[in-house]
Structure formats: structure tokens, C-alpha cells
Amino acid sequence: MAVALRPQQLNKTIFYSLITFTIMSTTPRYKSYQRIEQLPQLVGEKVTLNGWVANKTGKGKLLFIVLRDGTGICQCVVFKPNSEEIFETAKSLTLESSVQITGTVRSDERSPGGFDIDVEELRVFQLAKDYPITPKDHGVDFLMTNRHLWLRSTRQHAIMRIRASVVKAIRDFFDGNGFTLVDSPILTPAACEGTSTLFETKYFDLGSAYLSQSGQLYAEASAMAQGRVYTFGPTFRAERSKTRRHLTEFWMVEPEMAFFDLNDDMDLAEEFVEYIVQYVLKTRQQELKALDRDITKLEKVRRPFHRMSYTEAVEWLNNNNVKLDKKQPDGSTIQIDFPWGEDFGAPQEEAIMEQFEKPCIIHRYPSEVKAFYMKRDPDNPKVAMAMDMLAPEGAGEIIGGSQREDNIELLEERIKEHDLPMESFEWYLDLRRYGSVPHSGFGLGLERTVKWISGAEHIREVAPFPRMLYRIAP
RNA sequence: UCCUGAGUAGCUCAGCUGGUUAGAGCAUCUGACUGUUAAUCAGAGGGUCCGGGGUUCAAGUCCCUGCUCAGGAGCCA
């Protein structure tokens, strides 16, 4: 019989020797230097740090070098009378020069990182010449052109760490809840949803291939094999979108669950998003602080979230006098009551979310405006069993999902209605021929989630090298 | 694709109804300063005013055109 051993249950000696063994066997070659995040444990000791010059100030015979090494910042102090040679070298240092500094750690309130190092040895790896990004204001275009360097700044560093934590939370959540990771293909033969514009590329003698805009159909097939699966990877949309919440290449995580109805789907989405937000709060306090993020807003992201049907949302819009701008044939615009059947745009979503401090799920949209694979509500065939999750603070849609159509006749009808090539979907129809079951899933946009949690103004800040309509480099 | 706005020093910007040799702050270089936090002080260098065409005695400024970028819409995660 298998017994799960937790560390507390192990004999202490064995446990600690295991840890020692692990560290000894994997990290000895890293012991030639320390990292700034270790400094609190190294006060009074002589350490060697490797890093880059983040800032340099001084006053007469005293020089302060703010060193960053990726794990934090540390102020290194050089005093001329101690060593003329080191002082001259330190004086010649420029922004972002790479150096190795050896010295003794001292706790000091006046230091930006809380710790000072009195420099005893200074080695220059390379002297940077005219680093373009200064500690002053810069425009977006300039920063985007220098994205490869911009990533070194405090703010971008913090965002990338939060992104990494969101990714980890996503994987932990599904891995720990009985889901199997399944990688869907990136090169696909045709459109998944049949609507979006796709990036096209040549594929040997087989004609064209397209970069995937969703792994969903493959996730559905895999869910019939594994029960509960998720795919997580890059997706591509060749839409000419130019807003602060669109990228042409972004990461999306798509869970797909056999035997889940729409309510199960929404419950999972809530639990999932709550987990991500709380995980980041727990593990990235420092980074959220560096970003000046109001964490009291994130602390409120606890279940249950708000929920309303599309029909209720339309009623709310009309009761609250949120009008729809309608273009007339003569070019003028008039304001009308929001008509049932029209899809929500950004103004409607923003108006609805203004009243909420945590996410809201809107469900049962008109089937006309939703994708072909979404199941219609048995109680009202005019609406699809679809749901979107909107995040507060103007973050907008972060999740789109649905219960899938599991009846083969109805699915074939939808494919015809949407004018999609039936033969391309034969394999997908097989899933309804051989043991079809009710099933559901959703997709969560990684960058939109990170943008919301980090409080970034623009989605381009939360991808290390964002791909946008008018920018593909660096 | 549509609507709106912008392009002046390495960076961020000012430059009025067209009028001497186009300015400031930061950055760079030189010097001063023993606790700086975007240090301060003194001095120096730094310009294809996005490209092309036009109007004018005279264009950074006005007109046309091209390019680049930004914000928004639609589509969506």
C-alpha cells in the first residue's frame, strides 16, 4: 500500500540530510558568488555579487553604485581613502556596465535595498557605453524599440516575475486537480472557429497551414481520452486589432472537461481565477509593491463572483440608460436602447463592470453571435450555453467558454449554417459518433490576466517580446 | 479596415498671427563636494526641425503628398 510521506512525517535527520544532499549534488558550482536576495542572511559576511550598474551617484570621495542582479538591488559603497584604485575604477563605471563586487554586507536604513556593501574588490566585465534608457521619462515608441533593454527596468522586471507566477499558478491548479496537460498543435490545417483571420504559411506539398488560434477542438478530443485536460501555449490571431488589450501572438490556457455542464464550467472558472490571483498575492508582494498595485482590490477577488445572464445584462443596460451608438446610413450616429441579440462591445462591458469589484460572468449569449460548436440552451434555443468572464478595474474579458454541442445532428446543422467545410470537421464529428458526452471548457488569456493583476496600462508590457499589428521587432 | 492625434539634440519636450545665429531639462564630457536616493553646483560639446514637393522676400511654423508612431472602434483571450 502506498503511503504519501509529507516532510513533517519524516525523521528529521533524514529530511535535512536529504535537503543537504539535494543542494550539494546540484549547486556546488554556483557557490562562487551570492545573489542579492540572499543578503538578509549574510549580514556581516564577505560576499561576492555579480550584476549590472543600475545607478551611480556620489559626493566627493564617496561613491554609491546601485547594483542589480535580477534578484534585487544592493547599494555598494566606495570610499576613496580606502583605495584610490578601486575608487577610480568605480568612478569610470557607466549605467548597465557589468561588474563583480566583493565586500562586506552591512544593514543600513539609508540604502535603497536595506543593505550596503563596502566594496573591497571591483572587477569590470564590460564597460557599457551610452546605455539608451536613462532613469528619466521615455516615450512608448522608444521603449518598445528598446524592449530588449527595457526588460531590465524595475517595473518590467516585476511584471515578468508576476507573469511567471501566473503561469505557475495555472499549471499548479490544473496539475493538482486531476487534469492532464495535452499540447495542441500550432500548425493547423484550417480555422478552428471559422471566423478569425489566421496567419498562413506554406506547408510542403500539402498547400497551406495556419498558425493555431485555439487548441480547443484538439482539447475536446483529448478530453474524451483523459476526462479532464488542459492545453497551454501560444495562439495567433491575424486580426488587425490595435488596442491596449490585443496582441497577434498570445498565450492561452484552455481546460476541457468531459461530463461538465455550463454551471460546472463556470464554477471551475471562478475557482481557477481566484486561485491565480491569490497565488500571486501570496508569492509576489514585493513585485506588486514595486508596481504600486492596489492589492486591496486583488484581495477582494474571492468566490463567489458575480453572475448574470446576457438577457439580464441587456435589461440592466437599458434600465441604467446605457445607450448603443448606432451608425445611420447617412453617416450620423444615433443612440438607441440596447437591442437583444446584439453582441456587447467594450462600452457595454465597461458599463456593466463599473458596479463590481470582483469578476463577473455573463452567460447564455444569443446563439447567433457565438461560435458553431457551442450548445444551445435546451430551455431557450435562441441562446447558447456560453459564458464570458469580465475582470474588474477596466480589465475586460479574460475568459470565454461554453458547453459544447454534443449532438451530432445539431452540430452538423451548425457547421452548414456557418458555411464551414464539413470534411475538415469529420474527425471532430467522430467525437460525437463514438461515445459523445456533455462537455465544457473555456480559454483564459494569459496576457490579459497578467495585465489585470499587475495593473499594467497596456498588454504590450506584459509579454516579454510582444507581437503587435505594427511591431514585430525586437 | 475606419476615426483621431503626433513626429524638433541620445531621451522628454517648448518654440505665439511665418521674421536675426532653433531653446530648456535630463543624458554625455571636464571640474568641486564623506551618505547619495531622478544628488547638487560650475563649465563644455551636441540639430538633415521625419522624407519629398509647393506657396512666400522669408517656412520648424502654411498647403499637398509619402513614411513612421500613438490612442480608440470593430474582432476577440
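Worth saying up front: this structure is predicted, and the values here are computed from it rather than measured.
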Round to the nearest Å and state the distance from [X] atom [atom1] to [N] atom [atom2].
{"X": "A:Leu143", "N": "B:A70", "atom1": "CG", "atom2": "C1'", "answer": "13 Å"}
{"X": "A:Arg244", "N": "B:C76", "atom1": "CZ", "atom2": "C1'", "answer": "17 Å"}
{"X": "A:Met389", "N": "B:A77", "atom1": "CE", "atom2": "P", "answer": "14 Å"}
{"X": "A:Glu457", "N": "B:A70", "atom1": "CD", "atom2": "C1'", "answer": "14 Å"}
{"X": "A:Asp130", "N": "B:A9", "atom1": "CG", "atom2": "P", "answer": "16 Å"}
{"X": "A:Ile170", "N": "B:A77", "atom1": "CD1", "atom2": "P", "answer": "15 Å"}

With both distances under 3.5 angstrom, what nucleotide forms a Watson-Crick or G-U wobble pair with B:A70?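 Pairing partner: B:U4.
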
Applying the Watson-Crick and G-U wobble criteria at under 3.5 Å, what pairs with B:G35? Answer none if nothing qualifies.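 Pairing partner: none.
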
Which nucleotide in B:G72, B:C11, B:A77 has an atom nearest any side-chain atom of A:Lys242: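 The nucleotide sitting nearest to the side chain is B:G72.
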
Which nucleotide wins on minimum distance to the side chain of A:Leu62, given the candidates B:C69, B:G35, B:A77?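 Looking only at heavy atoms from C-beta outward on A:Leu62, the closest nucleotide is B:G35.
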
Taking only side-chain N and O atoms of A:Arg245, does any of them lie within less than 4.0 angstrom of OP1 or OP2 on B:G71?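 It does not, given that no N or O in the side chain of A:Arg245 lies less than 4.0 Å from OP1 or OP2 of B:G71.
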
Measuring to OP1 and OP2 of B:G72, would you say a side-chain N or O of A:Arg240 lies under 4.0 angstrom away?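 False: A:Arg240 side-chain N/O out of range (4.0 Å or more) of B:G72 OP1/OP2.
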
Side chain A:His246 and base B:C76 donor-acceptor under 3.5 Å: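 In this structure, the two groups form a donor-acceptor pair.
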
Do A:Ser241 and B:C75 have a side chain to base donor-acceptor pair shorter than 3.5 Å?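 It does, because a donor-acceptor pair links the side chain of A:Ser241 to the base of B:C75 below 3.5 Å.
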
Is it true that A:Asp141 and A:Arg471 have a side-chain N and a carboxylate O under 4.0 angstrom from each other?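 Result for this pair is yes, salt bridge flagged.
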
So does A:Lys370 pair up with A:Asp388, basic N to acidic O under 4.0 Å?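 Salt bridge: yes.
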
Excluding sequence neighbours, so at least two apart, what forms ring-ring contact (aromatic ring centres under 6.0 Å, His included) with A:Phe179?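 A:Phe179: ring-ring contact (aromatic ring centres under 6.0 Å, His included) contacts with A:Phe174.
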
Checking A:Phe356 now: which residues fulfil ring-ring contact (aromatic ring centres under 6.0 Å, His included) with it, not counting sequence neighbours?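 Partners of A:Phe356 under the ring-ring contact (aromatic ring centres under 6.0 Å, His included) test: A:His306.
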
Tell me the side chain to side chain donor-acceptor pair (under 3.5 Å) pairs involving residues 81-90 of chain A, sequence neighbours left out?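 Of all non-adjacent pairs touching residues 81-90 of chain A, none passes side chain to side chain donor-acceptor pair (under 3.5 Å).
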
Using nucleotides 36-38 of chain B, report all nitrogen or oxygen pairs with the protein that are shorter than 3.5 Å.
| unit_1 | atom_1 | unit_2 | atom_2 | d |
| --- | --- | --- | --- | --- |
| B:U36 | O2' | A:Thr57 | OG1 | 3.0 |
| B:U36 | O2 | A:Thr57 | OG1 | 2.5 |
| B:U36 | N3 | A:Gln75 | OE1 | 2.8 |
| B:U36 | N3 | A:Gln75 | NE2 | 3.3 |
| B:U36 | O4 | A:Gln75 | OE1 | 3.4 |
| B:U36 | O4 | A:Gln75 | NE2 | 2.7 |
| B:U36 | O4 | A:Arg110 | O | 2.9 |
| B:U37 | N3 | A:Arg110 | O | 2.9 |
| B:U37 | O4 | A:Arg110 | O | 3.2 |
| B:A38 | N3 | A:Lys136 | NZ | 2.3 |

Close approaches to RNA chain B from [range], in residue order (heavy atom, under 4.0 Å):
{"range": "residues 395-404 of chain A", "result": "A:Glu397, A:Ile398, A:Ile399, A:Gly400"}
{"range": "residues 284-292 of chain A", "result": "none"}
{"range": "residues 79-107 of chain A", "result": "A:Phe79, A:Arg106"}

With sequence neighbours excluded, residues passing salt bridge (charged side-chain N to carboxylate O under 4.0 Å, His left out) with A:Lys416: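 Result, salt bridge (charged side-chain N to carboxylate O under 4.0 Å, His left out) vs A:Lys416: none returned.
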
Residues in salt bridge (charged side-chain N to carboxylate O under 4.0 Å, His left out) with A:Lys61, at least two apart?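 A:Lys61 satisfies salt bridge (charged side-chain N to carboxylate O under 4.0 Å, His left out) with no other residue.
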
Using a 4.0 Å cut-off on protein heavy atoms (strictly under), produce a 5'-to-3' string for nucleotides 46-51 of chain B with B for base contact, S for backbone-only sugar-phosphate contact, and - for none. ------

One pair to check against ring pair (Phe, Tyr, Trp, His ring centres under 6.0 Å): A:Trp150 and A:Phe142. What are the steps and the verdict? CA-CA 10 Å; A:Trp150 189 22; A:Phe142 177 79; 9.8 Å; no

According to side chain to side chain donor-acceptor pair (under 3.5 Å), who are the partners of A:Ser165, at least two apart in sequence or on a separate chain?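 Expected list: A:Arg284.
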
Less than 3.5 Å apart, which donor and acceptor atoms pair up between the side chains of residues 119-132 of chain A and the rest of the protein, not counting sequence neighbours?
| unit_1 | atom_1 | unit_2 | atom_2 | d |
| --- | --- | --- | --- | --- |
| A:Glu120 | OE2 | A:Thr104 | N | 3.2 |
| A:Glu120 | OE2 | A:Thr104 | OG1 | 2.6 |
| A:Tyr131 | OH | A:Leu149 | O | 3.1 |

Has the side chain of A:Arg245 got a donor or acceptor atom that lies under 3.5 Å from a matching backbone atom of A:Ala395?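 Side chain of A:Arg245 to backbone of A:Ala395, a donor-acceptor pair under 3.5 Å: no, none is there.
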
